[in-house]
Amino acid sequence: MSSGHGSVVVTATPAEPASDVTSTRRLPPRDFFARPTVEVARELLGMIVSRATADGLTAGRIVETEAYAGPADLASHARAGATRRTAPMFGPVGHAYVYLVYGMHECLNVVARADGEAAGAVLLRAIEPLAGIELMRRRRGRPNDAAARLGAGPARLCQALAVTRAHDGHDLLAGSELWLSAGPQPPSPTQIASGPRIGVGYAGEDWSRRPWRFWLAGHPSVSRR
DNA sequence: CGAATGATACCCT
DNA sequence: GGGTATCATTCGG
């Protein structure tokens with residue numbers, strides 16, 4: 001189990017080989033996303049994000065997410081209500097919300113909410129690369145980075161998968177350029193860790209302390225340790 | 001630790 | 001309309 005990460009204990013099971021990931025496409029049902037955003041965030045762990053371009057296929061297993069609960073959640077972009085930017089969060093579940101942060105980085109979210117809730121979204125914070133690793137390295141312009149780190153962060157994930165604001169509003173349960181699919185098996189509850197969301201101190205203690213960040217414990221592709 | 005870099009939201013004329 | 005504070009990050013020093 002030691003893989004050059006010193007004392008890190010990897011409790012998450014390794015993902016299936018890339019060939020298995022790409023041979024079948026098991027889309028989650030739309031209803032999966034029509035549930036409380038925090039539940040969806042937890043259960044997105046272990047699912048696969050795939051991206052096909054003329055350059056080839058890239059795909060990764062989701063190992064870190066964060067839930068954003070809607071207009072009442074002061075950490076969420078939805079706190080300002082529906083604007084041109086946040087419109088996708090108020091639209092159909094299972095679609096993408098992609099935005100630019102810090103003037104240079106894109107972030108990919110999946111719209112989710114239960115009936116009666118509003119404008120929830122799950123930020124995909126990290127993937128374990130499964131397919132197209134060399135293509136990811138090229139896109140990132142970092143030929144020497146370890147494969148496990150290519151998608152270790154929300155902006156890295158978008159760069160590795162070539163996800164841009166052109167995908168804002170894109171249906172992640174349809175089409176053949178960017179889609180979600182079920183993983184081989186969901187992680188066991190004991191593999192899932194949770195803690196406060198990253199970089200949302202501006203939201204005040206009430207919201208920034210909530211443990212709405214989920215990750216696979218000890219997984220080397222998680223954005224922070 | 002701090003710079004990079006631009007869209008956005010919000011407040012003011 | 002226009003000015004500006006802020007930002008769901010990353011990389012290099």
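In what follows, chains are A, B, ... by sequence order, proteins preceding strands, each numbered from 1.
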- [ ] Measure from NZ or CZ of Arg35(A) to the centre of the six-membered ring of Phe32(A) and say whether it is under 6.0 Å with the direction within 45° of the ring axis.
- [x]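 Pair Arg35(A)/Phe32(A) counts as cation-pi.
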
- [ ] Starting from the 5' end of DNA chain C, give me the residue, Asp145(A) or Val122(A), whose nearest nucleotide shows up first.
- [x]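 With Asp145(A) and Val122(A) compared, the 5'-side residue is Val122(A).
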
- [ ] For the side chain of Arg165(A), starting at C-beta, report the closest nucleotide among dT5(B), dC11(C), dA7(B).
- [x]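 Minimum distance to the Arg165(A) side chain belongs to dA7(B).
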
Open item on the list: Can you identify which nucleotide, out of dA8(C), dA9(B), dA4(B), has its nearest atom closest to the Tyr99(A) side chain?
Closed with: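 Selected nucleotide: dA8(C).
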
Nucleotide [N], atom [atom2] - distance to [atom1] of [X] in whole Å:
X: Arg84(A); N: dT8(B); atom1: CZ; atom2: P; answer: 8 Å
X: Arg79(A); N: dA8(C); atom1: CZ; atom2: P; answer: 6 Å
X: Tyr202(A); N: dC7(C); atom1: OH; atom2: C1'; answer: 8 Å
X: Asp73(A); N: dA8(C); atom1: CG; atom2: P; answer: 11 Å
X: Asn109(A); N: dA8(C); atom1: CG; atom2: C1'; answer: 8 Å
X: His105(A); N: dT8(B); atom1: NE2; atom2: P; answer: 17 Å
X: Leu100(A); N: dC7(C); atom1: CG; atom2: C1'; answer: 10 Å
X: Arg224(A); N: dA8(C); atom1: CZ; atom2: P; answer: 13 Å

Open item on the list: Base of dA4(B), side chain of Tyr102(A) - is there a donor-acceptor contact under 3.5 Å?
Closed with: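 No.
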
- [ ] Sort by first number and list every stem of DNA chain C: at least 3 consecutive Watson-Crick or G-U wobble pairs, both distances under 3.5 Å.
- [x]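 Runs of three or more consecutive pairs: B:1-4 with C:9-12, B:6-12 with C:1-7.
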
Task: Contact summary for Met136(A) and Pro129(A), nearest pair of heavy atoms - done: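 What the structure gives for the nearest pair is SD-CB, 3.7 Å.
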
TODO: Of all the heavy-atom pairs spanning Val93(A) and Ala34(A), show the shortest one and how long it is.
DONE: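 Scanning both residues, the minimum pair turns out to be CG2-N, 4.2 Å.
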
Open item on the list: Taking only side-chain N and O atoms of Arg142(A), does any of them lie within less than 4.0 angstrom of OP1 or OP2 on dG12(C)?
Closed with: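 Yes, such a contact exists.
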
Open item on the list: Using OP1 and OP2 only, check whether a side-chain N or O of His77(A) sits under 4.0 Å from dA8(C).
Closed with: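 Yes, within the criterion.
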
Task: Thr58(A) vs Arg139(A), side-chain hydrogen bond (donor to acceptor under 3.5 Å, both in side chains): CA-CA, chis, key distance, verdict - done: CA-CA 11 Å; Thr58(A) 44; Arg139(A) 285 171 177 159; 3.0 Å; yes

When we call it a touch if two heavy atoms are under 4.0 Å apart, what does [X] touch: a base, just sugar-phosphate, or nothing?
X: Thr83(A); answer: sugar-phosphate
X: Arg156(A); answer: sugar-phosphate
X: Arg85(A); answer: sugar-phosphate
X: Ala155(A); answer: sugar-phosphate
X: Arg140(A); answer: sugar-phosphate

Task: Partner set under side chain to side chain contact (heavy atoms under 4.5 Å, CB included) for His77(A), not counting sequence neighbours - done: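 Only Arg79(A), Arg85(A), Thr86(A), Met89(A), Tyr97(A), Tyr99(A) meet the side chain to side chain contact (heavy atoms under 4.5 Å, CB included) criterion with His77(A).
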
Open item on the list: I want to check something: taking the side chain as every heavy atom from C-beta on, are Trp212(A) and Trp207(A) in contact at a cut-off of under 4.5 Å?
Closed with: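 Yes; the side chains approach each other to less than 4.5 Å.
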
Task: Other residues, nucleotides, ligands: >12 heavy atoms within 6.0 Å of Arg30(A) CZ - done: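 Yes, because the 6.0 Å sphere around CZ of Arg30(A) holds more than 12 heavy atoms from other groups.
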
Open item on the list: Please list all pairs meeting salt bridge (Lys or Arg N to Asp or Glu O under 4.0 Å) that have one or both residues in residues 99-120 of chain A, counting only residues at least two apart or in different chains.
Closed with: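 Found Glu106(A)-Arg165(A).
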
